[in-house]
Amino acid sequence: MNRHSIDELAQASGWTGGIRQGREWADVERKLGVTLPDDYKAMLSRFPSGFFRDAVSFENPIDARVDLEAFARDKVWRVIATLGDESLGYLRDTGYASFPEPAGLLPWGGDHQGGMFCWLTEPADPNQRLIAYYSADFREWFEYDGGVVEMIWEVLTRPGGDNLLRRDLDGEEPIFRVPSTYAGEPRGWIPHAEYR
């Protein structure tokens with residue numbers, strides 16, 4: 001499935017750091033009750049929580065700086081509850097359901113514009129699962145079948161809006177950035193203390 005390696009992703013995004021591993025993937029999968037795709041696990045074994053091109057954000061559940069209980073509660077189960085809230089209409093007329101329903105959507109990231117990245121949790125092989133992206137701009141879902149690494153590669157390297165987000169990202173630097181606060185010019189982005 002992957003045409004690009006984690007090393008290539010790191011090089012394309014200017015990332016030379018690592019993570020502070022605090023737990024094993026088996027702990028995370030046990031907590032969530034689902035097996036996660038290998039490319040996602042490989043990527044997050046190299047990248048801490050952060051943002052690719054200020055367009056794709058995620059938290060890293062194996063990094064020691066992330067509390068696993070808070071991750072499961074806030075980044076997974078609350079998002080699942082939001083998706084399943086019929087009054088909000090995220091799944092209305094889509095044919096999608098939220099995890100743990102069969103083929104239910106399992107969230108793994110966002111886009112800072114109110115959008116969400118999820119996996120469809122079927123087929124049984126997590127490496128064959130599609131990514132479903134909810135665009136708040138378009139108020140609709142789009143699917144991607146190339147895996148997380150390939151999707152992010154496209155966000156980093158494709159010009160204009162030729163990416164899953166259907167958004168022109170040419171004004172955003174194609175880098176990976178850890179959680180940070182913008183301090184204005186000339187200081188720019190200052191990483192949060194635990195990421196310095």
Side-chain angles (χ1 to χ4, degrees), residues 1-13 15 18-53 55-66 68 70-80 82-84 90-91 94-111 115-135 141-158 163-165 176:
M1 180 188 296
N2 286 350
R3 295 185 313 271
H4 295 94
S5 70
I6 304 302
D7 287 342
E8 288 174 305
L9 195 62
Q11 184 175 12
S13 64
W15 178 246
I19 70 167
R20 295 181 190 161
Q21 188 161 341
R23 64 197 58 89
E24 299 298 322
W25 279 110
D27 301 325
V28 176
E29 292 173 326
R30 209 170 14 260
K31 182 75 177 168
L32 301 180
V34 66
T35 303
L36 301 169
D38 291 338
D39 68 330
Y40 169 80
K41 293 188 287 189
M43 184 180 79
L44 270 62
S45 294
R46 177 83 174 268
F47 289 86
S49 301
F51 315 85
F52 282 101
R53 203 169 195 168
V56 178
S57 67
F58 57 87
E59 280 199 17
N60 184 333
I62 65 164
D63 194 297
R65 293 167 285 204
V66 172
L68 182 56
F71 170 83
R73 180 187 64 237
D74 299 336
K75 302 300 180 183
V76 178
W77 298 113
R78 281 192 181 152
V79 176
I80 287 170
T82 298
L83 288 171
Y90 285 108
L91 304 182
T94 65
Y96 292 144
S98 53
F99 184 77
E101 294 297 320
L105 294 168
L106 178 68
W108 63 263
D111 72 358
M116 293 174 262
F117 297 99
C118 302
W119 291 290
L120 293 169
T121 52
E122 282 186 1
D125 179 354
N127 300 312
Q128 299 300 314
R129 294 177 183 158
L130 298 178
I131 293 172
Y133 165 64
Y134 177 78
S135 169
W141 290 88
F142 301 98
E143 292 183 356
Y144 183 81
D145 68 358
V148 172
V149 170
E150 291 305 313
M151 189 211 82
I152 292 173
W153 178 266
E154 290 182 10
V155 166
L156 287 173
T157 62
R158 285 195 175 174
N163 55 63
L164 179 63
L165 284 72
F176 175 77

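All of these numbers come straight from a predicted model, not from anything done at the bench.
- Shown here for V66 and S49, the closest heavy-atom pair between the two residues is CG2-OG, 3.4 Å.
- In this structure the side chain of L165 reaches within 4.5 angstrom of the side chain of D111, judged on heavy atoms.
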Between K31 and V76, does the side chain to side chain contact (heavy atoms under 4.5 Å, CB included) criterion hold? Intermediate values first, please. CA-CA 11 Å; K31 182 75 177 168; V76 178; over 6 Å; no
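- A pairwise comparison of heavy atoms in A55 and V155 identifies CB-CG1, 4.2 Å as the closest pair.
- In this structure a side-chain-to-backbone donor-acceptor pair under 3.5 Å is missing from R73 to R78.
- Inter-residue side-chain proximity for L106 and C118 is flagged as unmet; no heavy-atom pair is nearer than 4.5 Å.
- Counting only heavy atoms from C-beta outward, the side chains of Y144 and E150 approach each other to under 4.5 Å.
- In this structure, the side-chain hydrogen bond (donor to acceptor under 3.5 Å, both in side chains) partners of K41, at least two apart in sequence or on a different chain, are E29.
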Evaluate side chain to side chain contact (heavy atoms under 4.5 Å, CB included) for L91 paired with W141, printing each intermediate quantity in order. CA-CA 9 Å; L91 304 182; W141 290 88; 3.9 Å; yes
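- Judged by distance alone, with hydrogens and angles left aside, the side-chain atoms of R158 form no donor-acceptor pair with the main-chain N or O of N163 at under 3.5 Å.
- Looking at R129 and E122, no side-chain N of the basic residue comes within less than 4.0 Å of a carboxylate O on the acidic one, giving no salt bridge.
- For R46, the side-chain hydrogen bond (donor to acceptor under 3.5 Å, both in side chains) partners at least two apart in sequence or on another chain are D7.
- In this structure, CZ on R30 lies 10.0 Å from CD on E24, to the nearest 0.5 angstrom.
- Nearest approach of M151 to W108, heavy atoms of both residues: CE-CH2, 3.9 Å.
- W119 has its side chain out of reach of L130: every pair of non-hydrogen atoms, C-beta onward, lies at least 4.5 Å apart.
- Ring orientation note: the planes of W153 and H4 are close to parallel, at an angle under 30° on the 30°/60° scale.
- Residues meeting the ring pair (Phe, Tyr, Trp, His ring centres under 6.0 Å) test with Y133, sequence neighbours left out: F117.
- Summarising the geometry, atom CZ belonging to F52 is positioned 5.0 Å from atom OG belonging to S13; distances are rounded to the nearest 0.5 Å.
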Walk me through it: do F47 and F176 pass the test ring pair (Phe, Tyr, Trp, His ring centres under 6.0 Å)? CA-CA 9 Å; F47 289 86; F176 175 77; 5.0 Å; yes
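- Not a single donor-acceptor pair under 3.5 Å links the side chain of D63 to the backbone N or O of N60.
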Could you give me the CA-CA distance, side-chain angles and deciding distance for I62 and I19, then say whether side chain to side chain contact (heavy atoms under 4.5 Å, CB included) is met? CA-CA 9 Å; I62 65 164; I19 70 167; 3.6 Å; yes
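- Between the side chain of N127 and the backbone N or O of D38 there is at least one donor-acceptor pair closer than 3.5 Å.
- Side-chain N or O atoms of T121 include none that pairs as donor or acceptor with a backbone N or O of L105 at under 3.5 Å.
- The ring pair (Phe, Tyr, Trp, His ring centres under 6.0 Å) check on W25 picks up Y40, with sequence neighbours excluded.
- Qualifying side-chain contact (heavy atoms from CB on, under 4.5 Å) partners for A42, counting only residues two or more places apart in sequence or in other chains: I6.
- Here the side chains of M43 and L9 are in contact, with some heavy-atom distance below 4.5 Å.
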Between F99 and L32, is a side chain to side chain contact (heavy atoms under 4.5 Å, CB included) present by the stated rule, with each step listed? CA-CA 10 Å; F99 184 77; L32 301 180; 5.7 Å; no
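- When side chains are defined from C-beta on, V79 counts as touching M116, because their heavy atoms get closer than 4.5 Å.
- Heavy-atom minimum distance, S98 versus G84: OG-CA, 4.1 Å.
- Not counting sequence neighbours, the partners of Y90 by the ring pair (Phe, Tyr, Trp, His ring centres under 6.0 Å) test are Y134.
- Between P48 and G18, the shortest heavy-atom contact is CD-O, 3.6 Å.
- At least one side-chain heavy atom of L120 sits under 4.5 Å from a side-chain heavy atom of Y96.
- Note: I152 CD1 to R53 CZ = 13.0 Å, rounded to the nearest 0.5 Å.
- Between the CG atom of L44 and the CD atom of E59 there is a distance of 10.5 Å, given to the nearest 0.5 Å.
- Under a cut-off of 6.0 angstrom, the local environment of CD in Q11 is sparse, with at most 12 non-hydrogen atoms contributed by other residues, nucleotides or ligands.
- Looking only at side-chain heavy atoms (C-beta outward), I131 and D145 stay at 4.5 Å or farther from each other.
- A donor-acceptor pair under 3.5 Å is absent between the side-chain atoms of Q128 and the main chain of D125, judged by distance alone.
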